[in-house]
Colleague: 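Can you keep this structure in mind? I'll have questions shortly.
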Number of protein chains: 4
Amino acid sequence: MVSAFRMTTKTAKPAAAETEALSRSALRRQREREQRYQSILAAAEDLFASTGYHQTSMEQIADAAEVSTGAVYFYFKNKEDLLLSLLDEIGYVLRHLLADEFNRAGASLDRFRGAGLAFFERFCRPYPEKAAIVFRESVGQSPAVELRRKHLFDKLNGDLQAALMRLGHDMGRPVDQNAAEVMAVCIMGIYERVAYHYMIWQDRRADLDAIGRDAVGFILGGVCQTTGKAPCT
Amino acid sequence: MVSAFRMTTKTAKPAAAETEALSRSALRRQREREQRYQSILAAAEDLFASTGYHQTSMEQIADAAEVSTGAVYFYFKNKEDLLLSLLDEIGYVLRHLLADEFNRAGASLDRFRGAGLAFFERFCRPYPEKAAIVFRESVGQSPAVELRRKHLFDKLNGDLQAALMRLGHDMGRPVDQNAAEVMAVCIMGIYERVAYHYMIWQDRRADLDAIGRDAVGFILGGVCQTTGKAPCT
Amino acid sequence: MVSAFRMTTKTAKPAAAETEALSRSALRRQREREQRYQSILAAAEDLFASTGYHQTSMEQIADAAEVSTGAVYFYFKNKEDLLLSLLDEIGYVLRHLLADEFNRAGASLDRFRGAGLAFFERFCRPYPEKAAIVFRESVGQSPAVELRRKHLFDKLNGDLQAALMRLGHDMGRPVDQNAAEVMAVCIMGIYERVAYHYMIWQDRRADLDAIGRDAVGFILGGVCQTTGKAPCT
Amino acid sequence: MVSAFRMTTKTAKPAAAETEALSRSALRRQREREQRYQSILAAAEDLFASTGYHQTSMEQIADAAEVSTGAVYFYFKNKEDLLLSLLDEIGYVLRHLLADEFNRAGASLDRFRGAGLAFFERFCRPYPEKAAIVFRESVGQSPAVELRRKHLFDKLNGDLQAALMRLGHDMGRPVDQNAAEVMAVCIMGIYERVAYHYMIWQDRRADLDAIGRDAVGFILGGVCQTTGKAPCT
DNA sequence: GATGAATGAGCGTTCATTCAT
DNA sequence: TATGAATGAACGCTCATTCAT
């Protein structure tokens, strides 16, 4: 689980009686801890998405999560760490979503279509707050956040790039590594801006099917351009 | 001139004999004023791009522009106004750059190529700070800034959309308005993310030619997809 | 207690076994909180009275109360709130002081005498800072402060007016309501200006007995004028 | 004229050709200067009374007077000086108004009545801004302003005190000087608070006649108390 | 004399973070 | 562990005043 409570290094206590099975009360505490961690993260996600990262104070997050400010600092190093954790969680969700599509059986081009549609239908539509956080709230906030964002995009780009190269290979028209990278970046750009435009700036959740299809069509056109599949329909 | 000093509303008494030509000293004052306005804006651009909007204090901007904090507030309503003005200026530059390409003579597809290359070569490369501001620093800062950003993108999208519909018409394959809008958004997304990836996150100014060509290739692929020109080379 | 720490709205979860008696440490914290609140208020009172409301900075108040600026803002919404709270406290003290006199047994006219003397002897003399704040520092500072001041005077006037009407009734010469109000306002005016003149502008604390007696004499003359008690001695 | 432009000490120029008659242009300049001085003062009076001394900026005053900020500083040393000048002017008006009443022929008690009525009818009613400035805006603003306010009240008190002593003498019941002073202060207090209550806090201009009569009645009662005139009607 | 752009000290306020209990 | 009061550095902004033109 990506959001599992990160074990603090100083886990002193358990050392003594940490028999193979944790005591019942220890288990309960563990569970409560995890719940608190999640509720704080959820509160932060909602507030950052709705009010903005800078406009949200730690106290508001604590209030929304029904804990004290001190508790927030027990679970997270600082405000930035909250955003980083959010980014990690969202990255995890998003990567797996896309990976699932690319690991499906079927014609390789269909996988690109599937991934695109999944991005719009199964990420943006159900989780608009997560989209707002990766694409809006985490932009340009601090070097550390920017770095984490970069890492996230690098991974997504890498996945896409790999899929493109596999596709080129399958089509008998090997794609240059650099070109594949640029294409991956282009695809991510389309995902991002289409989501931003139609989900963050406008609320076109209702039309997302059609929009997604058009965007995916554009992507496929770009992809075929290089991999040569002539009338990419 | 986009950056002409915004005339204050109370443009003074029309005076008696303020003939067509302003007095020499009045002209000089006017010029100096404009210079100050520009130097403050330039200082803000540099600092926002290098240090980040929130990490830059008004005092730093004043110092960099070699004026007092009060002077900054004389020329700009507040910090946000500085960012909005920057956005306006950048939007002006960018739109004209792209419009110039679309108004050129020649095959319509070539214009898309030209616009894409111009974006990378003639906007991102010479003005990396401006790119950092539109694509990074102005993201998610405040409702007003977000709105201005949206307006800017709406205009750019509109230009692109119009060009796409003209192209479809020329090709004898009229493009649906909504589809054209989505395509325009896709193209802007590619511009943005490629610039972000290769200019803001990495410093690949040297490779920008090749990268730009690949990205433009992708765009043309997406465009042809719909407008039907078969082997878009 | 007027100065009891204003209960914050979010009075926490009622907790499980928070029996009728608060834990000892909770009680202590409560007490310390109240002390801090009072010490900040006292610091503000002193500084406002000696230096002036506008001339006193929040930092000075914090320093004088030996707390941080942040602490001041924890206990009071802002600087204005400090003045409003002071006004409330002073109003409470003053009203009760006068009410006590009017509720005494004895000839009704004597009560007016008693109230007047109490105002000078038991309010102005021991609390010159409080007098300075109601009569000087809170004048014309902001709409909210002015309103609170008005409310305070309205209450004092109301008390006086009621006493006057009772007196008229007792004397068999009912007083018109409007006339009673004007008389109440006149009495407050005398209180205020005599205090201002002899306590704020001059330091005639030593002569306050005689001055008070003369002023009270004047008031009684005015009162008898209407209620008819002939040679009001 | 109290508001005549204070001659600056450095009136260098005239020294040479200041023949008994000023040249026509010199006269015109003199007149314009006086007009500007007055218009600035009037603008300040309006703004201070309506918006508050601290809430009014020098720029607002300059704008309202249709001059530059610099001009305001040519005619007045600083913002405080503006308030001091206003206080002087108002003091002049008020003192003469009351003096006129006291210098009238007739029974001496009637003069007190006349003065009181004049205060309400011929000062407060036509010049509510002036009342707002003496009684509200100039209170507790700075040591210098407070001092000037004190001087003004001292003079008014002195006039009243003198009148009281004359009255006592006329009545054959000489009044003690100190007692007369306290009575004067009481009368001023009534003037002030009744004006504040019914003109500044409420707008009872319409009922001012009745209110004034009641207040004057109260004053006469207080006065007779000491000077012995039995049934002061 | 008049202008108004420029100055810059100063202030109120915020809020991420800490730490005694 | 959890709490929440306390901290204090930092910042945006105002505005009385000055002075070159």
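All values below come from the heavy atoms of this structure, side chains included, with hydrogens, waters and symmetry mates left out.
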Colleague: Test of understanding: with side-chain hydrogen bond (donor to acceptor under 3.5 Å, both in side chains), list the residues that count as partners of C/E80, not counting sequence neighbours.
Modeller: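 Counting only residues at least two positions away or on another chain, C/E80 forms a side-chain hydrogen bond (donor to acceptor under 3.5 Å, both in side chains) with C/S142.
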
Colleague: Residues from residues 48-73 of chain B sitting under 4.0 Å of DNA chain E, heavy atoms only?
Modeller: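 By residue number: B/V67, B/S68, B/T69, B/G70, B/A71.
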
Colleague: Tell me: CG of C/L27 to C1' of E/dT21, nearest whole Å?
Modeller: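 Going from C/L27 (CG) to E/dT21 (C1'), I get 15 Å.
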
Colleague: Expressed in angstrom and rounded to an integer, what is the separation of C/K79 atom NZ from E/dC11 atom C1'?
Modeller: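 Atom NZ in C/K79 sits about 8 Å away from atom C1' in E/dC11.
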
Colleague: Rounded to the nearest Å, what distance is computed from the CG atom of residue D/L82 to the P atom of nucleotide F/dT17?
Modeller: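 After rounding, the reported distance stands at 10 Å.
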
Colleague: Could you give me the stems involving DNA chain F, meaning stretches of three or more consecutive Watson-Crick or G-U wobble pairs whose two defining distances are both below 3.5 Å?
Modeller: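 Listed by first number, the stems are E:2-21 with F:2-21.
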
Colleague: Using whole Å, what does the distance between atom C1' of nucleotide F/dA6 and atom CZ of C/F74 come to?
Modeller: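 Distance, rounded to whole Å: 8 Å.
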
Colleague: Once side-chain contact (heavy atoms from CB on, under 4.5 Å) is applied, do any residues pair with D/A42, and if so which ones, sequence neighbours excluded?
Modeller: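 None.
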
Colleague: Between E/dG1 atom C1' and D/Q35 atom CD, what is the distance in whole Å?
Modeller: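 Distance, rounded to whole Å: 16 Å.
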
Colleague: Do any side-chain atoms of residues 58-73 of chain B form donor-acceptor pairs under 3.5 angstrom with protein atoms, and if so which ones, sequence neighbours left out?
Modeller:
from, atom 1, to, atom 2, distance (Å)
B/S68, OG, B/A71, N, 3.2

Colleague: Judged by each residue's nearest nucleotide on DNA chain F, which is more toward the 5′ side, C/R29 or D/E80?
Modeller: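 Here C/R29 is the residue nearer the 5' end.
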
Colleague: With nearest nucleotide decided by heavy atoms, which residue, A/N78 or D/R36, maps closer to the 5′ end of DNA chain E?
Modeller: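 Closest to the 5' end, via its nearest nucleotide, is D/R36.
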
Colleague: So, using side-chain hydrogen bond (donor to acceptor under 3.5 Å, both in side chains) as the criterion, who are the partners of A/E146 when residues are at least two apart?
Modeller: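 Partners of A/E146 under the side-chain hydrogen bond (donor to acceptor under 3.5 Å, both in side chains) test: B/Y196, B/W201.
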
Colleague: Report yes or no: do C/H54 and D/Q141 form a side-chain donor-acceptor pair below 3.5 Å?
Modeller: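 No, D/Q141 and C/H54 have no side-chain donor paired with an acceptor closer than 3.5 Å.
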
Colleague: Using whole Å, report how far CG of B/L83 lies from P of F/dG12.
Modeller: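 The distance from CG of B/L83 to P of F/dG12 comes to 13 Å, rounded to the nearest Å.
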
Colleague: Sequence neighbours left out, what passes side-chain hydrogen bond (donor to acceptor under 3.5 Å, both in side chains) with C/R36? Give chain and number order.
Modeller: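 Applying side-chain hydrogen bond (donor to acceptor under 3.5 Å, both in side chains) to C/R36 gives none.
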
Colleague: Starting at CZ of C/F76 and ending at P of E/dG12, how long is that distance when rounded to a whole Å?
Modeller: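 In whole Å, E/dG12 P and C/F76 CZ are 15 Å from each other.
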
Colleague: To the nearest angstrom, how far is B/K77 atom NZ from F/dC13 atom C1'?
Modeller: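 Rounded to whole Å, this separation is 12 Å.
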
Colleague: Looking only at the side chain of C/Y75 (C-beta and beyond, no hydrogens), which of the listed nucleotides F/dA6, F/dA2, F/dT17 gets closest?
Modeller: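 Taking heavy atoms from C-beta onward, the closest nucleotide is F/dA6.
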
Colleague: Test of understanding: with side-chain hydrogen bond (donor to acceptor under 3.5 Å, both in side chains), list the residues that count as partners of B/R148, not counting sequence neighbours.
Modeller: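 Partners of B/R148 under the side-chain hydrogen bond (donor to acceptor under 3.5 Å, both in side chains) test: B/D88.
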
Colleague: Run the side-chain contact (heavy atoms from CB on, under 4.5 Å) test on D/F48 and D/Q55 for me, step by step, so that the C-alpha distance in whole Å, both residues' side-chain angles and the decisive distance to 0.1 Å come before the verdict.
Modeller: CA-CA 8 Å; D/F48 288 170; D/Q55 287 66 44; over 6 Å; no

Colleague: Quick one: salt bridge (Lys or Arg N to Asp or Glu O under 4.0 Å) partners of D/E45, sequence neighbours excluded?
Modeller: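 D/E45 satisfies salt bridge (Lys or Arg N to Asp or Glu O under 4.0 Å) with D/K130 once adjacent residues are dropped.
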
